[in-house]
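Values below: every heavy atom of this structure, side chains too, minus hydrogens, waters and symmetry copies. Lettering follows sequence order; numbering is per chain, from 1.
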2 protein chains.
Amino acid sequence: MTFEKSQSAGFIVNHLARLFAKGLQDRIAPLGIVIGQFPILLELWEKDGVTQKELLERLDLEQATLANTLTRMERDTLIRRTKNPSDARSQKIWLTERAMAIKEHAYQAAHDQNAFALSGLSSEEQAQFLALSERVIKAMRP
Amino acid sequence: MTFEKSQSAGFIVNHLARLFAKGLQDRIAPLGIVIGQFPILLELWEKDGVTQKELLERLDLEQATLANTLTRMERDTLIRRTKNPSDARSQKIWLTERAMAIKEHAYQAAHDQNAFALSGLSSEEQAQFLALSERVIKAMRP
DNA sequence: ATCACTTGCATAGCTTGCTATTCAATATTA
DNA sequence: TAATATTGAATAGCAAGCTATGCAAGTGAT
């Protein structure tokens, strides 16, 4: 059997993801955040004061990955945690001023990176690309 | 400004890549290899007895990433290294019997995973998806 | 021939993902 | 109520990516 990397969906998609990540990374670095914090911040900008479990439900991550990233975010003064009066096992997670202040800049960075990545495609092709990607995800999702 | 993850190319592509990786991971685990070793094995199955530098030129990885993965591959008896008579700084990298023996199974696994991932698309759509992806990569590549 | 530059690779240290395990708090059931 | 099960979160340990740095071997220029 033969195998051609350059025509393998797996390789192509991996390459895509790494280029995307690198591009966004560079754009958000000046804000003092890193890419793994991005999805978490997005959720918290929508609604904070939630428990880790509630946050987890809105994210596509394993619990341990989230816990570790939250620890780094606390270290980096992006979040604080307070006691949850109704359950001593859990805590409530809050954004700091600093994290709230960068929201718009971060949105802009993500928009810019997406626009840049798709800049070689027409609007129709962009829509097609996203739609096809969604269908591939659907096929693979357990 | 607003930001909708589910319509963000970056998030979608990241999700895609993780599902792909997980799927291939599961298929190759029985062969005793892991996903980071896969691209390297593909190149070595084509041609081994090469230096790290030659290998690096054929891969889309940083030198340090390759060096570390090669160390794990040696630990896992997938490769051996011999002296390079023409340059004492470098070594030649050779596949072991074990690594050679799994080649066809690994190709098959990758084929199967790609087919599975794209199974929700028609042949035309599959070609479209790959072509669009390539163009997105081209736009982002430095 | 020596001194400086370049090159090939390794190492250190970080992030972000994972699985497996642990532990304390809470809930359930006999 | 006591024993057991479940749940929320943390921790350990690994892989694979990155940047930055170090080091020894080779190359070149004076």
- Could you tell me whether the side chain of B:Gln63 has a donor or acceptor atom within less than 3.5 Å of a complementary atom in the base of C:dA10? yes
- Among D:dG17, C:dA10, D:dA9, the nucleotide that comes nearest once only the side chain of B:Arg81 is considered: C:dA10
- Query: Roughly how many Å is it from NZ in B:Lys22 to P in D:dA16, rounded to a whole number?
  - Reply: 14 Å
- Message: So A:Thr51, base contact, sugar-phosphate only, or nothing? Heavy-atom distance under 4.0 Å.
- Response: sugar-phosphate
- Just compare C:dA12, D:dT6, D:dA16 and give me whichever is closest to any side-chain atom of B:Ile35. D:dA16
- Task: Please state how far atom NZ in B:Lys83 lies from atom C1' in D:dA25, giving the value in whole angstrom units.
- Result: 13 Å
- Message: Measuring from the side chain of A:Gln91 (C-beta onward, heavy atoms only), which nucleotide among C:dC18, C:dA10, D:dA9 has the closest atom?
- Response: D:dA9
- Is B:Arg75 near enough to D:dA15 that one of its side-chain N or O atoms lies under 4.0 angstrom from OP1 or OP2? yes
- Query: For B:Glu46, does the CD atom sit with more than 12 other heavy atoms under 6.0 Å from it, leaving out its own atoms?
  - Reply: no
- Closest of D:dC18, C:dT26, D:dT11 to the A:Asp87 side chain is C:dT26
- Is the backbone N or O of A:Asp76 less than 3.5 Å from a side-chain atom of A:Arg98, with the two atoms forming a donor-acceptor pair by type? yes
- To the nearest Å, how far apart are B:Leu70 CG and C:dT11 C1'? 15 Å
- Quick one: label A:Arg18 by what it contacts on the DNA or RNA (base, sugar-phosphate, nothing), any heavy atom closer than 4.0 Å. sugar-phosphate
- Item | side-chain N/O A:Thr65 vs C:dC18 OP1/OP2, d < 4.0 Å | yes
- Could you check if a side-chain atom of B:Gln52 sits within less than 4.5 angstrom of a side-chain atom of B:Leu55, using non-hydrogen atoms only? no
- Message: Heavy atoms only, 4.0 Å cut-off, all strands: where does A:Ala64 land among base, sugar-phosphate and nothing?
- Response: base
- May I ask you to decide whether B:Arg135 forms a salt bridge with A:Glu125, counting only side-chain N to carboxylate O separations under 4.0 Å? yes
- Query: C:dT16 P sits how many Å from A:Phe38 CZ, rounded?
  - Reply: 13 Å
- Task: Please state how far atom CG in B:Asp60 lies from atom C1' in D:dA16, giving the value in whole angstrom units.
- Result: 14 Å
- Regarding the side chain of B:Ala67, the nearest nucleotide among D:dG8, C:dA10, D:dA10 is C:dA10
- Query: When the distance from CD1 of A:Ile40 to P of D:dA9 is rounded to whole Å, what number comes out?
  - Reply: 13 Å
- Which nucleotide sits closest to the side chain of A:Leu61: D:dG8, C:dG17, C:dC9? C:dG17
- Message: Check this for me: does the side-chain of B:Arg89 come within 3.5 Å of the base of C:dT7 through a donor and an acceptor?
- Response: yes
- Message: Just the rounded figure in Å: distance from P of C:dT6 to NZ of B:Lys53.
- Response: 14 Å
- Task: Report which part of the nucleic acid B:Asn68 touches: base, sugar-phosphate, or nothing (heavy-atom distance under 4.0 Å, all strands).
- Result: base
- Going by an N to O cut-off under 4.0 Å, is there a salt bridge joining A:Lys47 and A:Glu54? no
- Message: With a 4.0 Å limit, can you tell me whether A:Gln52 has a side-chain N or O closer than that to the phosphate oxygens OP1/OP2 of D:dA10?
- Response: yes
- Tell me: CD of B:Glu62 to C1' of C:dG13, nearest whole Å? 16 Å
- Side-chain ion pair, B:Lys53 and B:Glu57, N-O less than 4.0 Å: yes
